[in-house]
2 protein chains.
Amino acid sequence: MTDYALLLKASGLKATFQRMNLLERIEVHGHMSIDAMYEEVVKSHPSLSLATVYKNIILMVEKGVLVEVPITGKKSKYELLKEEHIHLVCTGCGEVEDKPKDSIADNLFTSITQQEDFMLNKQEINLYGTCKTCQVALAS
Amino acid sequence: MTDYALLLKASGLKATFQRMNLLERIEVHGHMSIDAMYEEVVKSHPSLSLATVYKNIILMVEKGVLVEVPITGKKSKYELLKEEHIHLVCTGCGEVEDKPKDSIADNLFTSITQQEDFMLNKQEINLYGTCKTCQVALAS
DNA sequence: CTCTGTGCAAAGCGTTTGCAAACGA
DNA sequence: TCGTTTGCAAACGCTTTGCACAGAG
């Protein structure tokens with residue numbers, strides 16, 4: 001479990017109750033939308049304002065603490081910054097699962113962009129489909 | 001150049017002036033945001049309504065004529081449905097360039113998802129960075 | 001103590017909706 | 001002609017902003 005206070009301070013942000021809780025909820029779920037975060041954190045902190053959530057998410061993305069995960073046809077989710085990986089996005093239940101991105105993919109995309117003189121900065125790989133659970137549910 | 005009237009009819013949509021022009025502008029640019037489409041088409045059709053653009057884009061995405069391309073931190077762009085490919089997204093000028101996705105990547109992601117019993121439907125690969133033109137501009 | 005962060009309420013925008021008129025087939 | 005599509009204007013809902021107060025360091 002990450003030390004959120006340390007993480008925030010390292011990014012020049014104060015370790016407030018709101019931020020700590022947002023980070024904790026995001027880490028537990030893996031990926032969350034703004035609404036979902038608000039709904040969860042407001043339970044333990046009823047005075048929480050949605051505006052505060054927005055402000056903090058924007059700030060923490062700018063500072064590199066969080067990463068935005070845009071999803072086709074839906075609202076973005078956010079995750080903690082970590083090693084680059086692949087997202088398996090279930091179009092049934094909306095859940096996002098992480099999978100490690102091996103070096104094959106990495107080298108492949110590095111070489112593709114080098115051919116174009118494109119200075120590669122970030123690889124975003126989203127695989128859309130139906131997760132195991134939803135497949136079972138559909139079969140019945 | 002695609003036959004837009006045919007494309008629309010094949011999808012069960014009437015070939016209206018608005019739709020033909022939207023498709024033509026999208027094909028010429030490769031990828032466009034809703035606003036950009038409206039700006040361009042309204043020139044040749046001043047009575048065009050933004051609501052019509054929205055309605056049509058939503059409809060054409062549903063029918064599979066268009067594909068949404070979500071972009072981190074920005075509004076989605078739309079492109080004509082074509083063979084799966086990779087997007088090089090320049091964070092400087094916002095331009096999106098297509099690159100063919102070879103079979104190596106394809107097989108890789110197919111096997112990754114099979115391990116998970118995830119029924120893969122669509123591969124979305126966005127590589128963010130700085131295009132050649134913007135690199136030159138930055139250097140000066 | 002000082003500066004940052006929070007909450008509230010209002011403002012701002014992008015997007016959607018309903019409906020009458022116009023249009024495509 | 002008949003069902004679809006358009007344009008307009010209003011409604012909606014998410015996101016942002018300004019400001020006074022509270023809180024972290």
So side chain to side chain donor-acceptor pair (under 3.5 Å) across residues 5-23 of chain A, not counting sequence neighbours, yields A:R19-A:N56

If you compare every side-chain N and O of B:H45 against the phosphate oxygens of D:dT6 (OP1, OP2), does one of them come in below 4.0 Å? no

Residue pair B:T16/B:K75 against DNA chain C: nearer the 5' end by closest nucleotide is B:K75

If you apply the rule salt bridge (charged side-chain N to carboxylate O under 4.0 Å, His left out), what do you find for B:K122 with B:E124, and how did you get there? CA-CA 6 Å; B:K122 181 183 155 202; B:E124 185 175 85; 3.5 Å; yes

So what does B:I58 hit on the nucleic acid, given a heavy-atom distance under 4.0 Å: a base, only sugar-phosphate, or nothing? sugar-phosphate

Spacing of B:N56 atom CG relative to C:dT17 atom P, expressed in whole Å: 15 Å

Measure from the side chain of A:K14, starting at C-beta and using heavy atoms only, and say which of D:dG7, C:dT4, D:dT5 lies closest. C:dT4

Expressed in angstrom and rounded to an integer, what is the separation of A:L59 atom CG from D:dT16 atom P? 13 Å

Rounded to whole Å, OH of A:Y4 lies from P of D:dA24 at a distance of 19 Å

So, does B:E95 use its side chain to make a donor-acceptor pair with the main chain of B:C90 at under 3.5 Å? no

A:S47 side-chain N/O to C:dG7 phosphate OP1/OP2 under 4.0 Å: yes

What's the CG-P distance between B:L22 and D:dG7, to the nearest Å? 10 Å

Check the distance between C:dG14's C1' and B:M37's CE and give it to me in whole angstrom. 14 Å

Atom-to-atom span, CG of B:L50 to P of C:dC13 - whole angstrom: 15 Å

Whether A:H31 and A:H87 hold their rings parallel, tilted or perpendicular, with breakpoints at 30° and 60°: perpendicular

B:Q18 side chain near C:dC23 phosphate (N/O to OP1/OP2, under 4.0 Å): no

A:I26 pairs by side-chain contact (heavy atoms from CB on, under 4.5 Å) with which of A:M37, A:K77, A:E40? A:M37

So what does B:L48 hit on the nucleic acid, given a heavy-atom distance under 4.0 Å: a base, only sugar-phosphate, or nothing? sugar-phosphate

Atom pair distance, as rounded to whole Å: CG in B:N21 and C1' in D:dG7: 16 Å

Quick check for you: among C:dC3, C:dT6, C:dC8, whose closest atom lies nearest to any side-chain atom of A:S49? C:dC8

Using a heavy-atom cut-off of under 4.0 Å over every strand shown, decide if A:T52 touches base, sugar-phosphate, or nothing. base

Both B:A51 and B:K9 contact DNA chain C. Which one's nearest nucleotide lies toward the 5' end? B:A51

Counting only side-chain nitrogens and oxygens, does B:R19 get under 4.0 Å of the OP1 or OP2 atom of C:dG24? no

Is the backbone N or O of A:Y38 less than 3.5 Å from a side-chain atom of A:D35, with the two atoms forming a donor-acceptor pair by type? no

Let me know, please, whether B:L13 or B:P46 comes out on the 5' side of the other along DNA chain D by nearest nucleotide. B:L13

Which part of the nucleic acid, if any, lies within contact of A:D35, taking any heavy atom under 4.0 Å across all strands shown: a base, the sugar-phosphate backbone alone, or nothing? nothing

Would you mind reading off the distance between A:L23 atom CG and C:dG5 atom C1', rounded to a whole angstrom? 15 Å

